[in-house]
Engineer: 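The following block contains the structure, expressed as structure tokens.
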Amino acid sequence: PPESPQAPTVQTTEPTDIDWLRRYHESTDDFLLARDLGAAAVRGDPRAQHVLAEVLLRCEIHERTLAPYTDGSVAQRIERHLASQPYGLEQSRAKFRREALRCAKVFGEDPLADYDLPEEAKDFRYWSSLAVASKDPVAVMGRAFQTVANRPATRDAEQDRVFREALLADIRVAVSSRDAAALFKVGGLLAYPSVGANPEPGYAWQVAACAAGYDCSLANPDWGFECVESGACLAGETWLDTLQRDLGAAKYAEIYAQAQDIQYKVSSGDWDGLQQYIDIR
């Protein structure tokens, strides 16, 4: 993607008690959501900055998808697009219709028009960069995943050192925040095949995040990928159930014990003690 627009210097405030991630998934009108997020983001709420970037991104994707259809209302353009995709699953078609419709007003109006912002603030990357600069732990872990995705296939020892230090720096932000969603992402990162030689420490981080309050049910749209809606999984099933089933009782007990130690060390700020659970190759 093009280089991120220059983000402004905004004094970071304490995050509000609003669950912006939940509002992101439950939104039926992304114009109203973006306007509310903008108010909090301008005040310096890092999580609002991160979620605002996500809202603007998903609406930009839908706007680009519908760009070939210039005539008619947004609803009519959506149906014309779906008619051109006759072999899609009905669940996917319904999801696209629902998500594109909630962006309809964003296509024609600027939800941030009430704020004195530069032109580049209309770009999701402006707010994404600001969220990372503000050290929102979920946004920072998003950068960590980008670092992994951009890792070259052919590399040398110096590149490996820079890669490892970049991931460690971002993981430390997540650990220091004690944010359960960010800790779950730490686990996902460490379980990734190109990051860790063994996924089990990553699983232990995820179990620790679940114990810290992260919603590890497969009904969580950030994690379950709508498998409940599609009938691919049970409504009450959790990631812990999956681990126990796939790993077996003995191995899961071992990982659970590691998770308890991780949770204790995170709560006590023992970064050095956590290194045994951070395997980056």
Side-chain angles (χ1 to χ4, degrees), residues 12 15 21 46-47 50 128-129 131-216 220 222-223 238-244 246-281:
T12 302
L21 291 174
R47 182 57 49 82
H50 167 67
S128 178
S129 298
V132 170
S134 302
K135 295 191 182 301
D136 175 74
V138 173
V140 169
M141 287 308 301
R143 177 176 65 181
F145 277 98
Q146 284 289 337
T147 299
V148 173
N150 295 333
R151 190 181 194 185
T154 303
R155 53 190 183 272
D156 55 28
E158 176 61 16
Q159 288 174 311
D160 285 345
R161 183 190 65 79
V162 172
F163 174 79
R164 188 173 190 278
E165 289 183 356
L167 290 192
L168 282 173
D170 287 346
I171 290 171
R172 189 160 194 173
V173 170
V175 169
S176 299
S177 75
R178 302 177 187 175
D179 183 292
L183 294 177
F184 193 85
K185 289 183 179 293
V186 169
L189 184 79
L190 295 175
Y192 203 71
S194 65
V195 176
N198 180 357
E200 291 176 9
Y203 297 154
W205 279 92
Q206 290 180 324
V207 174
C210 297
Y214 185 69
D215 178 8
C216 290
N220 180 350
D222 275 326
W223 170 240
T238 70
W239 177 230
L240 304 185
D241 297 328
T242 302
L243 286 176
Q244 291 181 67
D246 293 350
L247 299 176
K251 177 57 69 174
Y252 180 76
E254 179 182 329
I255 287 173
Y256 186 81
Q258 293 174 5
Q260 288 183 307
D261 192 42
I262 288 171
Q263 192 177 12
Y264 172 75
K265 287 180 167 59
V266 168
S267 64
S268 61
D270 185 2
W271 174 248
D272 291 336
L274 287 167
Q275 295 309 297
Q276 62 184 304
Y277 305 113
I278 303 176
D279 176 25
I280 300 174
R281 60 176 179 177

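Side chains included, hydrogens not; waters and symmetry mates left out as well; all remaining heavy atoms used.
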Engineer: Give the table of side-chain donor-acceptor pairs shorter than 3.5 Å for residues 182-202, with sequence neighbours excluded, one pair per line with atom names and distance.
Structural biologist:
unit_1	atom_1	unit_2	atom_2	d
Asn198	OD1	Glu200	N	3.0
Glu200	OE1	Lys251	NZ	3.3

Engineer: How many angstroms lie between atom NZ of Lys265 and atom CD of Gln258, to the nearest 0.5 angstrom?
Structural biologist: 11.0 Å

Engineer: Without swapping roles, check the side chain of Ser176 against the backbone of Val173 for a donor-acceptor pair under 3.5 Å.
Structural biologist: no

Engineer: With rounding to the nearest 0.5 angstrom, report the CZ to CD1 distance, Phe163 to Ile280.
Structural biologist: 7.0 Å

Engineer: Could you tell me which non-hydrogen atom of Ala139 sits nearest to which non-hydrogen atom of Val132, and how far apart they are?
Structural biologist: O-CG2, 3.8 Å

Engineer: Excluding sequence neighbours, so at least two apart, what forms salt bridge (charged side-chain N to carboxylate O under 4.0 Å, His left out) with Arg281?
Structural biologist: none

Engineer: I'd like to know if the side chain of Gln159 reaches the main chain of Asp156, judged simply by a donor and an acceptor atom lying under 3.5 Å from each other, with no hydrogens or angles considered.
Structural biologist: yes

Engineer: Under 3.5 Å, side chain of Asp241 to main-chain N/O of Thr238, donor-acceptor pair present?
Structural biologist: yes

Engineer: Under the side-chain contact (heavy atoms from CB on, under 4.5 Å) criterion, do Leu274 and Arg172 qualify, and how do the steps go?
Structural biologist: CA-CA 10 Å; Leu274 287 167; Arg172 189 160 194 173; over 6 Å; no

Engineer: Tell me, with the steps shown, if Val148 and Leu167 meet side-chain contact (heavy atoms from CB on, under 4.5 Å).
Structural biologist: CA-CA 8 Å; Val148 173; Leu167 290 192; 4.1 Å; yes

Engineer: Keeping Trp205 on the side-chain end and Tyr277 on the backbone end, is there a donor-acceptor pair under 3.5 Å?
Structural biologist: yes

Engineer: Going through the checks in order, is the side-chain contact (heavy atoms from CB on, under 4.5 Å) test met by Leu247 and Tyr203?
Structural biologist: CA-CA 11 Å; Leu247 299 176; Tyr203 297 154; 4.1 Å; yes

Engineer: Under the 3.5 angstrom rule, does the side chain of Asp136 hit a backbone N or O of His50 as a donor-acceptor pair?
Structural biologist: no

Engineer: Please check: side-chain N/O of Glu254 versus main-chain N/O of Ala250, any donor-acceptor pairing under 3.5 Å?
Structural biologist: no

Engineer: Write down the atom of Ala259, the atom of Ala204, and the distance for their closest heavy-atom approach.
Structural biologist: CB-O, 3.3 Å

Engineer: Kindly give the heavy-atom pair with the smallest separation between Asn220 and Asp215, and that separation in Å.
Structural biologist: ND2-O, 2.7 Å

Engineer: So do the side chains of Arg47 and Ser134 get within less than 4.5 Å of each other, counting heavy atoms only?
Structural biologist: no

Engineer: For the residue pair Asp170 and Gln146, establish whether any side-chain heavy-atom pair is separated by less than 4.5 Å.
Structural biologist: no

Engineer: Verify the neighbour count for atom OH of Tyr256: are there more than 12 heavy atoms of other residues, nucleotides or ligands below 6.0 Å?
Structural biologist: no

Engineer: I'd like to know if Asp160 pairs up with Arg151 as an ion pair, taking the criterion as any Lys NZ or Arg NE/NH1/NH2 lying under 4.0 Å from an Asp or Glu carboxylate oxygen.
Structural biologist: yes

